[in-house]
Structure formats: structure tokens, C-alpha cells
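Structure record follows, encoded as C-alpha cells.
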Amino acid sequence: QGMGHIWLDDLSCTGNEDTLTQCRAQPWGQNNCNHGEDAGVVCSDANITEETQIRLTNGSNHCAGRVEVLHQQQWGTICDDSWDLKDAKVICRQLGCGTAVAALGHAHFGQGLGPIWLDEVECTGIETTFSQCNLGSKGLHNCNHEEDAGVVCSGGHEGKPGPQQRGLSRPGWWD
């Protein structure tokens, strides 16, 4: 069972949607549920050995902020070296936040804490998830937190929870 707010109720998807935001549901945050009714999924090719998550923090809404990745139960940042709109586009797509409006560096959303997990990230812009990009080696970088990467996506709506988090689905990426 979860804790805290229940954000979605009466969710109805046809199966053709790319994200949950495209499914019908009660207005965000309106529900008549309790945590005994929390939903979950099991994916058909879910041979993921370690669930990895990504989030945007310190932005004005859930679709803007510093990009952070969870590894070894610790959130860390991404260096802005080679960070561009193609990288931001994949982040926005994975988070269900529309298209990328800006790929920002120089710790635009403030300096993160903890490790810098990624540097020299290279996405083509057509990847479905960030883990499909060329992410290089975890923890190897020539950066400091003054170079933390951020994104602004087109789909931000005030009133939704933040930070936004979604799992990555590339088995073995952190192994």
C-alpha cells in the first residue's frame, strides 16, 4: 500500500496511449479511494534486475527541473557536457511531459547534492526512454555540481505533484 495523496481514480485506458496522461480519469487529485485500492502493473518483458528511476527537481512544476537519476539507492545528477535538446526530448517523453522546450545547463535549477552519475550523455531524440540513450559509464565525469543538467518540457501543469519520477527499463544498465 502506498502513502500520501492518491492522484488518479477511475483511470480508463484503451491500450493505444503512450502515457497515462492520455487516458481518461477523474480530475487530478479527485478520488474516492483508499490505499487498499492502490493499483500496480507487471510488464510482460519485465526481466529488470534493478529498478532505476529518473526525476526532475527544483523546477516550477513537475515537468521542469534538474534531472536526477537514482543509482544504488542514491539520487545523483547529470553533467551538462554535451547536454542538448535531443537529450531533453527523451527525458520529457519518458516522464509524459510533452516535448522539450529547453535543455539547460550551468545548474539552472540549482546545484544538486550527492554524486554526479552521468556525463557526456548522447541521445538521438527518438528513444522512448532515457536508458536507451548512450549514457556512458556511471560515476565517471569531469564535472562539478555547477554543471548540473536540467530540462523544461511543454507539458507542465501547476498543481500536479513533484518531483516527477518514472522507472527506466534497460536491464543491466547499472550492473
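Separation of atoms CG (D38) and SG (C33) is listed at 8.5 Å; rounding is to 0.5 Å. Rounded to the nearest 0.5 Å, atoms SG (C97) and CG (N61) are 7.5 Å apart. Rounded to the nearest 0.5 angstrom, L135 CG and E122 CD are separated by 10.0 Å. The CG atom of N134 lies 10.5 Å from the OG1 atom of T124; values are rounded to the nearest 0.5 Å.
Side-chain atoms of W117 do not come within 3.5 Å of backbone N or O of C79 as any donor-acceptor pair. A side-chain donor-acceptor contact under 3.5 Å links E127 to the backbone of G125. Using modelled atom types, no side-chain atom of D87 and backbone atom of V90 make a donor-acceptor pair closer than 3.5 Å. Using a distance-only test at 3.5 Å, with no hydrogens or angles considered, a donor-acceptor pair links the side chain of Q94 to the main chain of F130. Using a distance-only test at 3.5 Å, with no hydrogens or angles considered, no donor-acceptor pair links the side chain of Q30 to the main chain of P27. Formation of a donor-acceptor pair under 3.5 Å by the R66 side chain with backbone atoms of G110 is found in this model. Formation of a donor-acceptor pair under 3.5 Å by the D81 side chain with backbone atoms of D119 is not found in this model. For Q74 (side chain) and H71 (main-chain N/O), no donor-acceptor pair under 3.5 Å exists by modelled atom type.
With sequence neighbours excluded, the residues satisfying side chain to side chain contact (heavy atoms under 4.5 Å, CB included) with Q26 are D9, D10. Partners of C13 according to the disulfide (SG to SG under 2.5 Å) rule, which considers only residues two or more places apart in sequence or in another chain, are C23. Residues passing the side chain to side chain contact (heavy atoms under 4.5 Å, CB included) test with S82, sequence neighbours excluded: E120. Taking D80 as the reference, nothing meets the side-chain hydrogen bond (donor to acceptor under 3.5 Å, both in side chains) condition, with sequence neighbours excluded. With sequence neighbours excluded, the residues that form a side chain to side chain contact (heavy atoms under 4.5 Å, CB included) with V152 are A64, V101, A102, L104, F109. In this structure, the side chain to side chain contact (heavy atoms under 4.5 Å, CB included) partners of A100, at least two apart in sequence or on a different chain, are L85, A88, K89, C92.
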Can I78 and D148 be said to form a side-chain contact (heavy atoms from CB on, under 4.5 Å), step by step?
CA-CA 6 Å; I78 299 173; D148 286 343; over 6 Å; no

Taking it one step at a time, do V151 and V67 satisfy side-chain contact (heavy atoms from CB on, under 4.5 Å)?
CA-CA 7 Å; V151 300; V67 182; 3.9 Å; yes

Under the side-chain contact (heavy atoms from CB on, under 4.5 Å) rule, what do I91 and I54 come out as? Steps first, then yes or no, please.
CA-CA 8 Å; I91 295 289; I54 192 166; 3.1 Å; yes

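Proximity of E146 to Q111: side-chain heavy atoms (C-beta onward) are separated by under 4.5 Å at one or more points. Considering only heavy atoms from C-beta on, N31 stays 4.5 Å or farther from L8 through its side chain.
Within a 6.0 Å radius of CG in L113, no more than 12 heavy atoms belonging to other residues, nucleotides or ligands are found.
Of all heavy-atom pairs between T57 and E68, the closest is OG1-OE2, 3.4 Å.
By the criterion of side-chain heavy atoms lying less than 4.5 angstrom apart, applied directly or through intervening Ile, Leu, Val, Met, Phe, Trp or Tyr residues, L11 is not grouped with I6; the two fall into different hydrophobic clusters.
Under the 30°/60° scheme for interplanar angles, the aromatic rings of H62 and W28 are found to lie parallel.
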